[in-house]
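To start, the structure itself, in C-alpha cells.
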There are 2 protein chains.
Amino acid sequence: MALEHAILVSLLEKPGSGYELARRFERSIGYFWTATHQQIYRVLKRMDNDGWVEVRDIPQQGRPDKKEYSVADLGRAALSSWLHDPIEPESVRHDLAVKIRGAAFDDPAALIREVERHRQVHRDRLAHYLAGETRDFTVPEASTAGPRAPLDAERELQHVVLRGGIAYERMMIDWLDDVLATLSRFGPGR
Amino acid sequence: MALEHAILVSLLEKPGSGYELARRFERSIGYFWTATHQQIYRVLKRMDNDGWVEVRDIPQQGRPDKKEYSVADLGRAALSSWLHDPIEPESVRHDLAVKIRGAAFDDPAALIREVERHRQVHRDRLAHYLAGETRDFTVPEASTAGPRAPLDAERELQHVVLRGGIAYERMMIDWLDDVLATLSRFGPGR
DNA sequence: TCCTTCTATGCAACTCGTTGCATAGCAAGC
DNA sequence: GCTTGCTATGCAACGAGTTGCATAGAAGGA
C-alpha cells in the first residue's frame, strides 16, 4: 500500500496533475514503482477526501481542465509516519525465472530468443539511466581540498536511488548472459 | 498470472500437496515467486477443475488426509504454451526506494536503521543461497579433458536461477552500503 | 480527409493477493 | 497440565491492481 506514499513523494518533489503523475510513473518514479493512470486517479481522489492533498483547478484552452495536486499538511504527516514504520523487504516476482526452470520440461533452446529480448530491454534501460545520470548528476570538477558544497538531500537521494537502478540493470544483463550461455548448452527438442 | 505456471513447474520437479507447495514457495521457488497457502489452494482447485493437475488422496495416520497433486497432460500443454508466449519484463516495486527519496522531506538519518535491517536480510538470504549452492550444485573435480558428463537440464537451469538470486543479493548489499554512506552525510532533523 | 496520437479525466467489471479466522489431531517443551 | 508449533485444508471479506471502455478537443501526418 505504498502507492499513496510514492505519490506524496512525487508531489513533494513537484506538484502536478494526475496525468502528469502518470507520466512520471512511466519515467523516473516508474523505475522502482509502477502505476497506471487508473490507480493514480482513484488514489488521488481518496487522498483528497482524506485531506492529504490539495487541489487547484487550472482552466486550459482547448483541453480539459487540469487539476493540480499538492501535498497538504496531513499528507506530509502521513508520509513522515510511514517513513518511520518498518517495512518488509519486498517479495520478488520474476516470471522469467519461472520460465527458465520450466524450460527443463520443454525446449530450453526455445527460450533463447525471449531471454535475448529481455536482455535488450535491460540494456536500453541501463543506457537510459546512464544518460539521465550524466544529464542530472554530473558535478563540475570538485576543488582539491576546501569545504564541500552544501549538500542537497533531495538531489543526493534521487541520485543514490538512480545508482540502484543502474546497479540492478547491470546485474540483470550479466545474469542474462549467464542464462544464455547455459541455455545454449542444450540442443533443441527434448 | 504466472502462479499457475510456477505451480506447474514445481509439481513437474516433484509432485506434492498444497501444503508442501506452500513450503516450497517459502524456500526455493519463493526466491523468485511468492505465494501464500491461500492462493495456492485456490489456484490448485481451479487447475484441478481445468484438468491441468491430477489429485490422489493419501490417507495419513493422525493427520488430515493429504491430496497429492501431479501435472496432467493438459497442464503440461498449458505450461508449454505459456513458455512460448513472450512476457513483459517485470515491473519493479521497491518500497525502500520510495522511502529513500521520501526521506529528503523528513529526516534522512532516521532511515539508517531501516536500511541496515534490510541489508541484514539480504546478507542472510545470500548466505542461505550460497549454502544451498554448495549443498546442491558442487560438482566433483572435473576431469582434465575427456567428454563432459551428460547435462541434466533441470539441475543446470535450477542452478542458473540460483546464481541469479545470488547476484541479486550481492548487488542489493552493495547498493545498500552506498545508500548508508549517502544517508550518513546528512545530519538528524531538517 | 481521415487516422492516429496527445492531453486530461473517469466509470465499471474483473482478477489477483492479503488477512483473519476456523478446524483438528499430534508432538514437544515448560 | 498448558501452551506453542506443526501438518493439512479451507471460507469469507477486503484491498490492490488490471483491462476495457468512454469523453473530447487539438495537433500532425498520410
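Reminder, nothing fancy here: chain letters follow the sequence lines and each chain counts from 1.
Defined by atom type and a distance below 3.5 Å, a donor-acceptor pair is missing between the side-chain atoms of B/Ser10 and A/Arg101. Remark: the A/His94 side chain and the B/Tyr168 side chain contain no N/O donor-acceptor pair separated by less than 3.5 Å. In summary, the side chains of B/His84 and A/Glu114 do not present any donor paired with an acceptor at a separation below 3.5 Å, with no hydrogens or angles considered. At a cut-off of 3.5 Å, with distance as the only test, a side-chain donor of B/Thr34 or A/Arg93 sits close to an acceptor on the other residue.
Judged by distance alone with a 3.5 Å cut-off, no donor-acceptor contact links the side chain of B/Gln38 to the base of C/dG17.
Atom-to-atom, CD of B/Glu26 to P of D/dC6 comes out at 10 Å; the value is rounded to the nearest Å. Remark: C1' of C/dT18 and CG of A/Leu3 are 17 Å apart, rounded to the nearest angstrom. Regarding B/Gln39, its CD atom lies at a distance of 15 Å from the C1' atom of C/dG20, rounded to whole Å. The OH-P distance, from A/Tyr41 to D/dT18, rounds to 16 Å in whole Å. The nearest whole Å value for the distance from the NE2 atom in B/His37 to the C1' atom in C/dC16 is 16 Å.
Considering only the side chain of A/Lys45, C/dC11 comes nearest among C/dC6, C/dC11, D/dT9.
Distances shown here put every side-chain N or O of B/Tyr19 at or beyond 4.0 Å from the OP1 or OP2 atom of D/dT9. Put simply, A/Arg42 has no side-chain N or O that comes within less than 4.0 Å of OP1 or OP2 on D/dG17. Taking 4.0 angstrom as the limit, B/Arg23 places none of its side-chain polar atoms (N or O) nearer than this to OP1 or OP2 of D/dC6. Contact between the side-chain N/O atoms of A/Lys67 and the OP1/OP2 oxygens of C/dG10 is found at a separation under 4.0 Å. The side chain of B/Ser17 places an N or O atom within less than 4.0 Å of a non-bridging phosphate oxygen (OP1 or OP2) of D/dT9.
Checking B/Arg93 against B/Glu68, the closest nucleotide of DNA chain D that is more toward the 5' end is the one next to B/Glu68.
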